[in-house]
Amino acid sequence: MAYDYFRSGADDERTLRENERAFRRSRLWPRMLVDVARCETGIELLGSRLAFPVLTAPMAYQKLAHPDGEVAMARAAAAAGTIAVVATLATTSLEEIAAATPAPKWFQLYAQRDRGVTRTLVERAAAAGYQAIMLTVDAPVLGRRLADVRNGFGLPPGLAMENLRVAGGEGLTLAQHVLSRHDASMEWRDLEWLRGLAPVPLVLKGVLRRDDAVRAIACGAAAILVSNHGGRQLDGTPASLDALPGVIEAVAGRVPVLMDGGVRSGGDVLKALALGATAVLVGRPLLWGLAVGGEEGALRVLALLRGDLERAMQLAGCATIGAVTRDLVELRA
Ligand code: FNR
Ligand code: LAC
């Protein structure tokens, strides 16, 4: 049941497949005879220094993968020198995760129907030192994941959505939980209210369209995450990699643009960066690492990605992230 939940995409899983395929279709055009004896993968993002441009994606219910759950994931991110994005639907409270490591973290927000609950979540995250609020905008309702429907998937007894103090075993499926709690009425104009709740930057997760990206900036977003939720929401959307260039063009450098969906290797990271992304997020591979080896397992996945990126950069003739230019990648339909 847990494996099905982690792996699945919505409906026919076309978008889920496309995310990885888009990376496989695209090509790298390496530059030769560049001094890459030293390679520097570090970046700056919203005031934080990252050892390499890969963040851990917010994912619900991480104690389903390993008893150490979100704490292990956050510690792995810290040890790797990057930022963990902690989910509203975590099975560990945001305060406990914050206490587990002093490294910078962001909080992923699902806006709740009860605005008082949303307000409290944002205030708690800010008080606990989270450095950005990442509002997920692609899930007013939950996508239909057929395996989860068959399994009647919900949080099992013994675990709880600790940030919301909702226990598992209450008989609600995840889809029912989302339907009863998430605010499906949220609109652009509500972002002003949200931004007023705490003085932390707001990042919008789940933007695919150019016009939405422009609107996000007009509403004060400090960064935009191009994402189709790992193919778990609306099936039939383009691969994140294919949506990226349009958003990059529309944003025109005004705010950092991040992407996630299908990133599985250092070459994939390089491709996203070449198209203009400032950083990428990785989802499922980290859950597999977490399931196999807890904190060490998740850290191993991050270390593999970092080493892989460094090698890809050197082989492509890039000694720094700044040297990763648009001409290095060719997108193919
Ligand atoms: C997610 N994702 C997600 N996103 C979010 O904003 N809030 C959430 O609670 C979750 N939960 C979640 C659970 C699981 C099991 C998965 C696999 C994904 C989406 C996630 O943040 C990210 O967008 C994708 O996972 C990226 O795609 P890849 O790297 O998994 O291909
Ligand atoms: C998911 C949610 C909860 O993708 O965002 O399962």
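Whatever order the structure lists them in is the order used to number ligands and atoms, beginning at 1. Each residue takes its place number in the sequence, starting with 1.
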Counting only heavy atoms and a distance below 4.0 Å, can you name the residues contacting ligand 1? Tyr5, Phe6, Ala57, Pro58, Met59, Ala60, Gln108, Tyr110, Thr136, Lys205, Ser227, His229, Gly230, Arg232, Asp260, Gly261, Gly262, Arg264, Val282, Gly283, Arg284, Leu287
Heavy-atom nearest neighbour in the protein, as seen from atom 6 (O) of ligand 2, with distance rounded to 0.1 Å: Tyr5 OH, 2.6 Å
Looking at ligand 2, is there an atom of it that comes within less than 4.0 Å of some heavy atom belonging to Tyr110? yes
Report the distance from atom CG of Leu258 to atom CG of Leu45, rounding to the nearest 0.5 Å. 5.5 Å
Row check, Trp193 ring normal vs Arg115 NZ/CZ: under 6.0 Å, within 45°: yes
For Asp183 and Arg113, run salt bridge (Lys or Arg N to Asp or Glu O under 4.0 Å): C-alpha distance rounded to whole Å, both residues' side-chain angles, the deciding distance at 0.1 Å, then the answer. CA-CA 4 Å; Asp183 182 4; Arg113 203 176 273 201; 6.0 Å; no
Using non-hydrogen atoms of the residue, decide whether Gln233 is closer than 4.0 angstrom to ligand 2. no
Do Arg181 and Gln176 have a side chain donor and acceptor closer than 3.5 Å? no
Location of contacts on Arg145 toward ligand 2, heavy atoms closer than 4.0 Å: side chain
So, taking the atom named CG in Leu273 and the one named CG in Leu309, what distance separates them when rounded to the nearest 0.5 Å? 7.0 Å
Could you check whether any side-chain N or O of Arg254 sits under 3.5 Å from a backbone N or O of Ala250, counting only pairs where one atom can act as donor and the other as acceptor? yes
Side chains of Asn19 and Asn228: is there a donor and an acceptor less than 3.5 Å apart? yes
